[in-house]
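The structure appears below as C-alpha cells.
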Amino acid sequence: MTSRTRIGLALLLALAGAAVFAPLLASDLPLYMKGANERAYERARRTLPIAVEEFESTWDFAGLTYEGFDAALYRMEIDAVRSRLDTLASGLPEPQAARLEGFRSEFDTTVSQHRVEGPTLVELARQLVLELELADEDDENGVILEAAASFPLLAALRPSEVFFAGTWIVATVAFLRRGVRSWTRITRGLLLAAALALATGLLAGDPRTVGLKDGLADGSVRATTVVFPPVAFGYAETHLEASLQPPGGEHWLGTDGLGRDVLSRLLHGGRLSLAVGLLTTVLVLGIGVALGALAGLFGGRVDFVFLRVVEVVQSFPSLLLVLAGVALVPAREVHPVVTIAVAIALVRWTGIARLVRGECLRLRELEFTLAARALGFGGFRIAFRHLIPSAMPPVLVAAAFAASDAVLTESAISFLGLGTGPPVPSWGGLIAAERDLDIWWLQLFPGFLVFVTVVACNLVGEGLREALDPRARRERRQLHTGLEVPA
Amino acid sequence: MSGPLLHVRGLEVSVGDVPILRGIDLDLERGGSLALVGESGAGKTTALLAILQLLPDGFRVRLAQGERGPAGALSFDGRDLTRLSPSAVAAIRGREIGAVFQEPASSLNPLMRVGEQVAEVLRHHRSLGRRAAAGRAVELFGEMGIEDPARCARAYPHELSGGMNQRVAIAMATACEPALVVADEPTASLDVTVQRDVLALFDRLRREHGTALLLVTHDLAVAANSCERAAVMRAGRIVEEGPVRDLLLRPSNDYTRELVGALPQYAPPLADEAAS
C-alpha cells in the first residue's frame, strides 16, 4: 500500500470515527449520572392515569367485546403504561415501592387474564399517583426519591449506532495491522457488533432522558454526580442568550444564530455527509458493476442498448437531475440521506459501468476465460468467480473518486437548500446557514471538513491507481525530466 | 466400449465464407497419443477448439455431408459432440476431456491461489467438500512433481515460475482423471529442461492412468518425443498421418519432407538416424 493510500485511509477513518462516535462525543445527555430525576418522575406520575385510561379504552374489559380491537395499538398502550411504571420505580423508597409493585401486578394480571372484578385500573392508578406525590415545603409526608445511578447517553443509543461503532472498530484494527490477517476474526467482530446492537435495541428508548439537561439546570433533577461527554451540547440545543459566539470559551468552535454549538453540529452533520458518500459509492458500484458486466459479458444487442442508455444519462446536466429528484421526494416519507444517495447514484453510475464493460470485454478474450470454459465451468461461475473479480482493481480506483464526488455533490445540494433539513443539516447545509463573512466560523469549519474528506478520498484513489499502474510512476518521471511521453 | 476414444471425420470449420478447416479426419485410441503438427495458421488450434466445442463466435462447424445424411462425425467416447446440449458438453469438458493451453501464466486466474483453482475444479465436477478438495489439490500437486506442494497451493500464479504454473494447469486439466487430455502448445513458452519435465508428465499420466493425449505443437521434436502418431496439417487440411517415426524418417508428403528438413541440424538423435 502506498503511503498516500494510508494517509487517505487514516483521514477517512478519523472522519468516520468522529461521525460514528458523534453521539458519544457531543450530546446534551450525561454519560453517567447518579441522582434523582424528579422531572421524569413527575411527568410519569401525572400521565400514568391517562395512559391507563387509554389502555382500557382499546378494549372493553367489562363487556369483553373485541369490537374494533386493534392489536398493535393495544400493545403500544401496554408499553406506555409499563415505561411509566419503570420510571416511577427508579429511586422510589419503601413503602411506596411496594405499593407501585402492587399496582404493577394488578396491571399484569389484567393484561394476561382479563381481570374484570374489583375497582377498575384507572381508579387504582388515580389512587396510586396521589400516594406517590413528591415531598415539598408544604407537604412533608411526600416521597423523597433516592439517588440512582444511570447511563442516560448509552440508554439513548440506537442499535444502528452501536453496530456502526463496532464496524468502525473492526475496520480500524484491520487498518492498524496493515491488512486483514484473518477473515474469521473480522466476521466475529462484526457479529459481536450486531449482537451488541440487538442488545441495545432491547434497552433503547428510555423516557427518563428527555429534557435531562433542563432539569439539571432548574433543579428538578437532583444529581450528586454527572459526567458529560467532551462536548456537552446537543446538536439541536439552543441557547438564545449565547448566539453567534466566536470560537473559544465554552463553545469551542462558537455558536450559530440560535446559540447552537457549532462543534456538536459539525460532528452530527458529518454523519449525514459521510453516510451519503458511503451509500452513494455502494449504489454506484452496485449499479455500475451489474450493468457494465451485463453489457461486457453478453455483448451484442445488450451492449448496444447499454451504450445508448449511458449516452442518454451522460448527456443530461447531472446536478439538475439530482436536484429535481431530491425536490420530488418528500423528506417525510424517505430519509433525505437515502433520497440524495439514490439520486446521485442514478446519474453517476455511467463512469464505473463503462469501466467494468471495458474490462469485461478485455478479460473475456484472455486465455484464462477459455481455460475456465475448457474446465467445464458455466458462464455464471466464470462471470462471478473469475471475470468480475479481475475487473475490480480499476473499478476500486474509480469508486474512491466517486465517493469524493458524492460528498461534493451532496454539499452542493445541501448548500442550495435541498439537502437534509433541520434539526441537523449536513456540512453543505451548515455552510449555507449563514452567509455573513463576519461570522466566519459558521462556514470555515464545515467547508474545511468537506475539503478534508474530498482530499482523503482522492488520496486513496490516487494511491490505488499508482499501486495498480506502474506505468503512471514512469510517465510522471518522464514529464519531470522533459522527455517526450509517447501518446 | 469399442471404437476409438476420439473419432473425427470430415470436420469443416469456416468463418463466413472463408474455410478454415477442410475435411479433417482424426482417430485417437484410448490411452493413445497423437500430435497435430504444422506451421502457424495451419488450423491446429482451431481443430482442437472445435473438438472442445469452444470456438469463438463467428466460427461455424460443419460435418461433411454424404449422399444420405452426414458422412462426417465428431464423437468422443461414442457420443456425438455436435448433438449434445451445451451443458452436456460443458459436463464433459474438465471431467472427461482436460485441456492445457500455451501460456500457463495467463490461463490461470491471477486473483486466486492456485490450490483453490484446482480445488474449484474438483468441487465443481466431483462435488467434493471444501476441505476434501483442498487436500486432493495438494496431493495432485505432489503427483505433478511440485516440490513442497502444500506451500505451492497457497501461492498465486504470479509467484510461481512458468514451469510450475504449467504443472498447476496440468493438475487442473487432469484433476478429474479425464480419458483425454488435449494440449495446445503446452511447452512452447518453457525452456527446454522444463519442457522435458512437462512432457514426461504427460507420458506418466498416459502410462499410469491411461490418459490419451492430443498434442498440438509446431515443434516436431516435441511431437517425436511424446507421441506415437502424428498428423501433419497445412492450410486447414491433414496432409499426412501416421506413426511419428515413419513420418519423420520416411515422409511421403512433400510438405512433411519440407517440415522435417526445416529441423535444425543439431537435433542429434533424429538427424543421425535420418542420415544413416
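Lettering follows sequence order; numbering is per chain, from 1.
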Counting heavy-atom pairs under 4.5 Å with chain A, the top scorer among B:Ile97, B:Asp57, B:Val182, B:Leu108 is B:Leu108
Note: vs chain A, highest number of non-hydrogen pairs under 4.5 angstrom among B:Ile92, B:Asn109, B:Val89 is B:Asn109
Can you give the donor-acceptor pairs under 3.5 Å from side chains of residues 126-139 of chain B to other protein atoms, not counting sequence neighbours?
unit_1	atom_1	unit_2	atom_2	d
B:Arg126	NH2	B:Cys176	O	2.8
B:Arg136	NH1	B:Glu139	OE1	3.0

Mutual orientation of the aromatic rings belonging to A:Phe377 and A:His386 [parallel < 30°, tilted 30-60°, perpendicular > 60°] = parallel
- Give a yes or no on whether the backbone of A:Val284 and the side-chain of A:Arg348 come within a donor-acceptor separation of less than 3.5 Å.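 No; zero donor-acceptor contacts below 3.5 Å.
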(message) What part of A:Arg385 gets within 4.5 angstrom of chain B, counting heavy atoms only: side chain, backbone, both, or neither?
(response)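 It is both, since atoms from each part get that close.
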_Interchain contact, A:Leu363 with chain B, by part (heavy-atom threshold 4.5 Å)_ =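 Contact with chain B: none, neither part.
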- Cation-pi check, B:Arg206 onto B:Phe202 ring (under 6.0 Å, within 45° of axis): no
Quiz item: Does a salt bridge link B:Arg123 with B:Glu120, judged by any charged N lying under 4.0 Å from a carboxylate O?
Solution: no
Turns out that what part of B:Leu54 lies under 4.5 Å from chain A's heavy atoms comes down to both
Residue B:Leu49 versus chain A: region with a heavy atom under 4.5 Å: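 The side chain, not the backbone.
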